[in-house]
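What follows is a single structure, written as structure tokens, with notes after it.
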Amino acid sequence: MADLKVLGICGSLRKASYNMSALRACSDLMPQGMTLQITSLADIPMYNQDVFDAGMPPSVKRLREEIAAADGLLIASPEYNFSVTAALKNAIDWASRAPNQAFQDKPVAIFSATQGPLGGPRNQYDLRRMLVQLWAHPLPRPEVFIGSANTKFDAQGKLTDETTRKFLTDLLAGFKDWILRMQPRT
Ligand SMILES: Cc1cc2nc3c(=O)[nH]c(=O)nc-3n(C[C@H](O)[C@H](O)[C@H](O)COP(=O)(O)O)c2cc1C
């Protein structure tokens, strides 16, 4: 059987993003038979219906194709003002437009990292609400909230916290089972 392909999406555009660092750490924690490719939202323009009508920008086309080709999405994002970041919401808006909205039947795993102690729960619950109405399938559990993220990575962005590593490993193992469970029966 071919490896399951997971697309990593980070809701922070910051160069030294803890969420991006955690996504990169996930590359080494993937269960056997599952691989991670990480995309970038840095070049996605702000959604504008006029631009959509004139023809999708190349960066948006690329993102939609990457999502369509993935067996599952791994979304890592901080919480901004108790909700989803503008960068992530904007990318979801672009990818959700018909025809062929990109989230239909897509398994999604979510985690979040913040410098505050809670780790971004309100962002996750808003994100889940959005995804469900797009007929994506967010993995219900385990939930992973990386609070006080500034204490869990070194200056180079390497994950140094063993408990976080274990949470992410469990999330990825659960995600593999979830993707397999969500695949259409033949
Ligand atoms: C506009 C803005 C709003 C924020 N709001 C929250 C918040 O509601 N909850 C929270 O825990 N952290 C909040 N933060 C702090 C982020 O969690 C922190 O900057 C985090 O490191 C961002 O993630 P990143 O390292 O992946 O860029 C906010 C940061 C910004 C820039």
Side-chain angles (χ1 to χ4, degrees), residues 6-30 34-48 59-60 62-63 66-67 70 72-96 102-103 106-133 136 138-172 174-175:
V6 171
L7 182 70
I9 300 176
C10 180
S12 169
L13 306 181
R14 203 166 72 86
K15 248 194 280 157
S17 161
Y18 294 114
N19 286 277
M20 184 56 96
S21 295
L23 259 187
R24 292 200 183 105
C26 287
S27 296
D28 297 332
L29 305 176
M30 297 303 259
M34 195 160 102
T35 58
L36 178 66
Q37 175 208 330
I38 301 173
T39 192
S40 169
L41 303 183
D43 56 354
I44 305 293
M46 191 51 76
Y47 185 84
N48 178 334
S59 59
V60 173
R62 184 212 77 227
L63 177 68
E66 287 171 336
I67 294 173
L73 308 178
L74 177 62
I75 301 182
S77 185
E79 178 173 275
Y80 278 5
N81 293 311
F82 284 25
S83 190
V84 175
T85 66
L88 181 58
K89 175 67 165 62
N90 182 54
I92 291 172
D93 290 345
W94 274 113
S96 68
F103 296 100
K106 197 66 71 177
V108 185
I110 297 166
F111 69 86
S112 52
T114 66
Q115 295 190 51
L118 295 186
R122 294 146 300 208
N123 143 67
Q124 284 202 29
Y125 297 133
D126 283 358
L127 179 57
R128 285 175 190 279
R129 192 159 49 90
M130 262 175 235
L131 292 170
V132 164
Q133 68 85 23
L139 173 68
R141 278 195 301 274
E143 296 180 303
V144 177
F145 306 105
I146 308 174
S148 308
N150 47 315
T151 66
K152 292 173 179 167
F153 297 84
D154 69 15
Q156 284 70 47
K158 189 171 172 296
L159 178 62
T160 52
D161 184 68
E162 280 314 309
T163 306
T164 302
R165 193 183 306 281
K166 163 105 178 54
F167 283 145
L168 290 174
T169 302
D170 290 348
L171 176 73
L172 295 169
F175 192 37

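Both ligands and their constituent atoms are indexed starting at 1 by order of listing. All values reported here derive from a predicted model rather than from experimental measurement. Computed over heavy atoms, backbone and side chain alike; hydrogens, waters and symmetry mates excluded.
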Residue, atom name and distance, where the atom is the protein heavy atom closest to [atom]:
atom	answer
atom 25 (O) of ligand 1	Arg14 NH2, 2.7 Å
atom 27 (O) of ligand 1	Ser12 OG, 2.7 Å
atom 8 (O) of ligand 1	Phe82 N, 2.8 Å
atom 9 (N) of ligand 1	Glu79 OE2, 2.9 Å
atom 5 (N) of ligand 1	Asn81 N, 2.8 Å
atom 17 (O) of ligand 1	Thr114 CB, 3.2 Å
atom 21 (O) of ligand 1	Gln115 NE2, 3.0 Å

For this session: Please state whether the rings of Phe153 and Tyr18 are parallel, tilted or perpendicular, taking 30° and 60° as the class boundaries.
Result: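 Aromatic pair Phe153/Tyr18 classed tilted.
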
For this session: Step by step, work out the side chain to side chain donor-acceptor pair (under 3.5 Å) result for Thr160 and Asp154.
Result: CA-CA 6 Å; Thr160 52; Asp154 69 15; over 6 Å; no

Exercise. Is there side-chain contact between Ser12 and Thr85, with heavy atoms separated by less than 4.5 Å?
Worked result: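 No, their side chains stay 4.5 Å or more apart.
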
Exercise. Should Leu159 and Asp28 count as side-chain neighbours, where that means a heavy-atom distance under 4.5 Å?
Worked result: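 Counting from C-beta outward, Leu159 and Asp28 never come under 4.5 Å.
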
For this session: State the CD1-CZ distance between Ile110 and Phe145, to the nearest 0.5 angstrom.
Result: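 Going from CD1 on Ile110 over to CZ on Phe145, the span is 9.5 Å.
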
Problem set entry | Spacing of Leu7 atom CG and Glu66 atom CD [to the nearest 0.5 Å] |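 The CG atom of Leu7 sits 5.5 Å away from the CD atom of Glu66.
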
Problem set entry | Enclosure of Tyr47 OH (heavy-atom neighbours >12, cutoff 6.0 Å) |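 Check passes, neighbour count above 12.
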
Distance under 4.0 Å to a non-hydrogen atom of [X]: what atoms of ligand 1 satisfy this?
X	result
Pro78	22 (C), 23 (O)
Asn19	23 (O), 24 (P), 26 (O)
Tyr18	21 (O), 24 (P), 25 (O), 26 (O)

For this session: Report yes if some N/O of Arg122 lies less than 3.5 Å from some N/O of ligand 1; otherwise report no.
Result: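 There is no such contact.
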
Problem set entry | Carboxylate-amine/guanidinium proximity below 4.0 Å for Lys166 and Asp170 |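 Yes, Lys166 and Asp170 are salt-bridged.
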
